[in-house]
Amino acid sequence: MCIVPFPKFVASEIVNRKYKLMYNYMGLKIVVLAKQVPDTRNVGKDAMKADGTVNRAALSAIFNPEDLNALEQALRLKDKYEGSTVSILTMGPGRAAEIIRESMYRGADDGYLLTDRAFAGSDTLATSYALSCAIKNFPKVDLIICGRQAIDGDTAQVGPQVAEKLGMPQITYAEEILSCSKDKITVKRRLEKGVELVEGKLPMVVTVNGSAPECRPRNAKLVMKFKRAKTVSEKQESSQDYINLFDTCPYLNITEWSVNDIKADADWLGLKGSPTKVKEIESVVFQTKESKRLTPDDFDMESLMRELISNHTIG
Amino acid sequence: MNNISVYLEIEDGIVADVSLELLTKGRSLANKLTCKLEAIAIGFKLDGIGAQVFPYGVDVLTLADDKRLFPYTSLPHTSILVKLYKEDKPQIALMGATSIGRDLGPRVSSALFSGLTADCTSLEIGDHEDKKAGKTYKNLLYQIRPAFGGNIVATIINPDQRPQMATVREGVMKKEVLDKNYKGETKTLDVAKYVSDSDFVVSVIERHMEKSKVNIKGAPIVISGGYGIGSRENFELLFNFASIIGAEVGASRAAVDAGFADHERQIGQTGVTVRPKLYIACGISGQIQHIAGMQESSMIIAINNDPSAPINAIADYIITGNVEDVIPKMIKYYKKNTK
């Protein structure tokens with residue numbers, strides 16, 4: 001039985017340099033999983049309808065923040081290891097192609113949009129199944145990187161579940177991928193109560209924390225290059241003026257995959273493939289307390305403080 | 001069979017508070033379902049675990065004791081749980097919504113194809129009628145959690161798959177000793193039968209764990225700031241007030257996301273849950289996900305510009321005004337009346 005001991009305090013800098021020399025010329029195939037999410041952090045008063053359901057139209061759609069941290073880690077590896085490529089894979093409605101273009105503007109090589117009605121209603125497990133089928137469509141993947149969690153669900157489940165479905169190991173809560181070679185990846189993890197340096201073998205799934213470095217901004221040249229990148233559906237909807245462009249510039253094609261394209265079993269998708277069901281959704285009405293209204297004037301403030309002191313709430 | 005199983009998180013031979021809180025909840029669910037409460041400890045040198053967990057009403061403690069199982073790594077802990085759950089078929093499996101539980105839970109649930117609900121704020125037992133299929137389910141676990149950034153509360157169920165898995169954050173459930181002389185049975189696993197060499201492909205080469213410097217959970221008074229505070233500098237006012245009255249400073253998620261306060265101070269569903277005797281909410285509108293983390297405070301004072309802020313509904317005192325006017329007055333009259 002091979003037991004790997006835990007050597008203490010390996011200087012990460014030395015590790016870094018060694019692998020850079022050894023593996024500089026071996027490109028990594030990296031797939032970044034990203035999600036377009038409603039901006040739940042900036043919810044206005046009109047975000048909820050009177051019947052307690054979410055008014056999606058009132059929320060703008062954004063690139064899930066931690067997926068941007070994940071993209072940055074991927075792009076850093078691409079910068080560091082020559083010949084590496086970064087592909088973006090997302091699942092969602094046609095509009096989600098926006099985050100693929102956004103990734104291209106920042107340095108991703110190509111993008112894949114997984115879109116099909118059969119995906120609707122998927123819980124994290126069914127989503128992970130679909131993503132894992134799509135990843136199997138790639139001829140070779142060394143590293144899958146995604147954000148730790150999406151802000152609309154906050155579950156942090158898709159990364160580990162994709163890893164399990166692919167039979168790959170996982171490193172979650174990554175703050176920095178220190179080095180990555182054909183046979184070894186070294187990652188700094190930021191946990192609630194500390195920091196860990198872990199080492200594993202490729203292929204690997206890494207989920208990235210919000211504490212990781214922010215994603216680089218758009219690159220003006222890349223914006224020019226990719227601004228007309230489109231999925232098949234988008235091409236059909238747009239005017240035909242520059243349709244030949246997609247043959248002369250194949251990099252402008254964003255691949256669109258349906259359930260059939262990824263050879264997924266429909267029984268494992270959507271509501272049917274989701275073991276968890278939503279029984280009930282409520283917009284919460286708080287049990288209103290009998291409260292006292294005060295003004296910030298001196299009389300109210302002094303009597304409040306006196307009361308708090310006299311009933312030993314403070315002091 | 002069909003018991004309730006709690007995964008124990010262990011650091012330095014000490015069972016984490018979140019696990020003890022889950023045992024307390026697990027015990028009350030087990031009583032309702034008239035089944036046993038099981039605890040699973042995976043790690044190294046676990047001799048002292050029994051004495052720590054039996055008082056919480058554990059009927060069966062399973063130990064997987066092996067040098068390679070500490071520190072925690074995903075694959076061997078997953079392998080052990082997956083095999084154990086297949087053998088013992090628990091109806092409910094609970095773990096902490098910590099960096100360990102949130103790494104382990106999804107992987108285990110994927111391997112078993114059993115649903116998992118993250119960050120539950122309440123767990124209850126109830127029935128479910130599926131009218132379309134004409135089926136009635138008895139005694140399901142209602143996994144209740146805010147969703148959609150805390151704008152709604154969802155009740156999630158797993159009608160058909162077992163175990164019904166849920167993670168819960170530290171502090172959400174209350175920790176309570178059932179009987180300090182409670183006796184349970186201890187089972188020791190032959191670890192080699194549950195893990196394979198390939199489970200050890202990820203190794204921890206360096207580790208620095210620190211005790212959190214902030215103790216919001218245990219503070220008798222919490223002064224919390226929201227996005228309305230406006231800046232990190234303005235938070236100083238809250239720290240100043242806190243040092244005078246002996247309070248801790250908390251923050252809403254919006255304030256943390258905006259960089260006004262550190263993450264360890266976040267109160268709410270995705271942060272810490274507090275039950276102080278006094279909670280002062282400053283510039284906090286009161287999203288559900290925040291309220292989930294402080295609604296059990298004995299007394300709540302809400303200071304807000306907006307006279308119709310949602311948080312006012314649960315406040316004992318509503319002060320409509322600017323935080324920067326109100327707090328200095330509170331300090332002034334506190335000092336004046338305690339002299």
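This structure is a prediction, so every number in the text was calculated from the model and none was measured. Each chain gets a letter, A, B and so on, in the order the sequences are listed, and its residues count up from 1.
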Give me the atom names and distance for the closest heavy-atom approach of B:Val195 to B:Arg68. CG2-NH2, 3.8 Å

Does some side-chain heavy atom of A:Glu307 sit less than 4.5 Å from a side-chain heavy atom of B:Tyr317? yes

Go through it in stages, so that I can follow the logic: the residues are B:Thr117 and B:Gln143, the test is side-chain hydrogen bond (donor to acceptor under 3.5 Å, both in side chains), and I'd like the CA-CA distance, side-chain angles, deciding distance and then a yes or no. CA-CA 7 Å; B:Thr117 306; B:Gln143 301 145 52; 2.4 Å; yes

Angle between ring planes, A:Trp268 versus A:Tyr129, binned at 30° and 60°: parallel, tilted or perpendicular? tilted

Non-hydrogen atoms of chain A under 4.5 Å away: do they reach the side chain of B:Ile157, the backbone, both or neither? both

Can you tell me which portion of A:Ile309 sits under 4.5 Å from chain B's heavy atoms? Options are side chain, backbone, both or neither. side chain

What part of B:Leu116 is in contact with chain A, defined as an atom under 4.5 angstrom from a non-hydrogen atom: side chain, backbone, both or neither? both

For the interface with chain A, which of B:Leu140, B:Asn337, B:Ile318 has the highest count of heavy-atom pairs at distances below 4.5 Å? B:Ile318

Contacting region of B:Ala111 [heavy-atom separation from chain A under 4.5 Å]: both

In terms of heavy-atom proximity below 4.5 Å to chain B, should A:Leu125 be classed as side chain, backbone, both, or neither? side chain

Could you tell me which portion of A:Ile185 (side chain, backbone, both or neither) has an atom closer than 4.5 angstrom to a non-hydrogen atom of chain B? neither

The interface call for B:Met330 against chain A, heavy-atom contacts under 4.5 Å, is both

For B:Thr320, is it the side chain, the backbone, both, or neither that has a heavy atom closer than 4.5 Å to a heavy atom of chain A? both

Kindly indicate whether the side chain of A:Ile144, heavy atoms from C-beta on, has any atom under 4.5 Å from the side chain of A:Leu166. yes

What part of A:Arg190 lies closer than 4.5 angstrom to a heavy atom of chain B: side chain, backbone, both or neither? neither

Under a 4.0 Å N-O cut-off, is there an ion pair linking B:Arg207 with A:Glu196? yes

Under 4.5 Å heavy-atom distance to chain A, tell me which part of B:Ser198 shows up: side chain, backbone, both or neither. neither

Using a cut-off of under 4.5 Å on heavy-atom pairs, state which of A:Pro169, A:Ser303, A:Ser128, A:Ser310 scores highest against chain B. A:Pro169

With a 4.5 Å limit on heavy-atom distance, are the side chains of A:Leu143 and A:Cys180 in contact? yes

Distance col, row A:Met301:CE vs B:Asp325:CG, nearest 0.5 angstrom, shows 10.5 Å

Please state whether the side chain, the backbone, both or neither of B:Asp103 comes within less than 4.5 Å of a heavy atom of chain A. both

Which bit of B:Ile221 is near chain A, if near means a heavy-atom gap under 4.5 Å: side chain, backbone, both or neither? side chain

Chain A heavy atoms under 4.5 Å from B:Thr167: which part of the residue, side chain, backbone, both or neither? neither

In terms of heavy-atom pairs under 4.5 Å with chain A, the winner among B:Pro307, B:Ala247, B:Gly105 is B:Pro307

Let me know if B:Ala258 has heavy atoms under 4.5 Å from chain A in its side chain, its backbone, both or neither. neither

Test A:Lys184 against A:Ser179 for side-chain hydrogen bond (donor to acceptor under 3.5 Å, both in side chains), laying out the working first. CA-CA 8 Å; A:Lys184 204 181 272 182; A:Ser179 70; over 6 Å; no

Tell me, out of B:Asp130, B:Asp316, B:Ile245, who's got the most heavy-atom pairs with chain A below 4.5 Å. B:Asp316

Taking side chain as everything from C-beta outward and backbone as N, CA, C, O, which of these in A:Asp300 sits under 4.5 Å from a heavy atom of chain B? Side chain, backbone, both or neither. neither

Do you know the tightest heavy-atom contact between A:Ala150 and A:Asn64? CA-OD1, 3.2 Å

Looking only at heavy atoms, which two atoms of B:Ile205 and A:Glu199 are closest? And how far apart? CD1-OE2, 3.6 Å

Interchain contact, B:Pro220 with chain A, by part (heavy-atom threshold 4.5 Å): neither

Decide yes or no for B:Met209 and B:Glu11: does some side-chain heavy atom of the first lie under 4.5 Å from some side-chain heavy atom of the second? yes

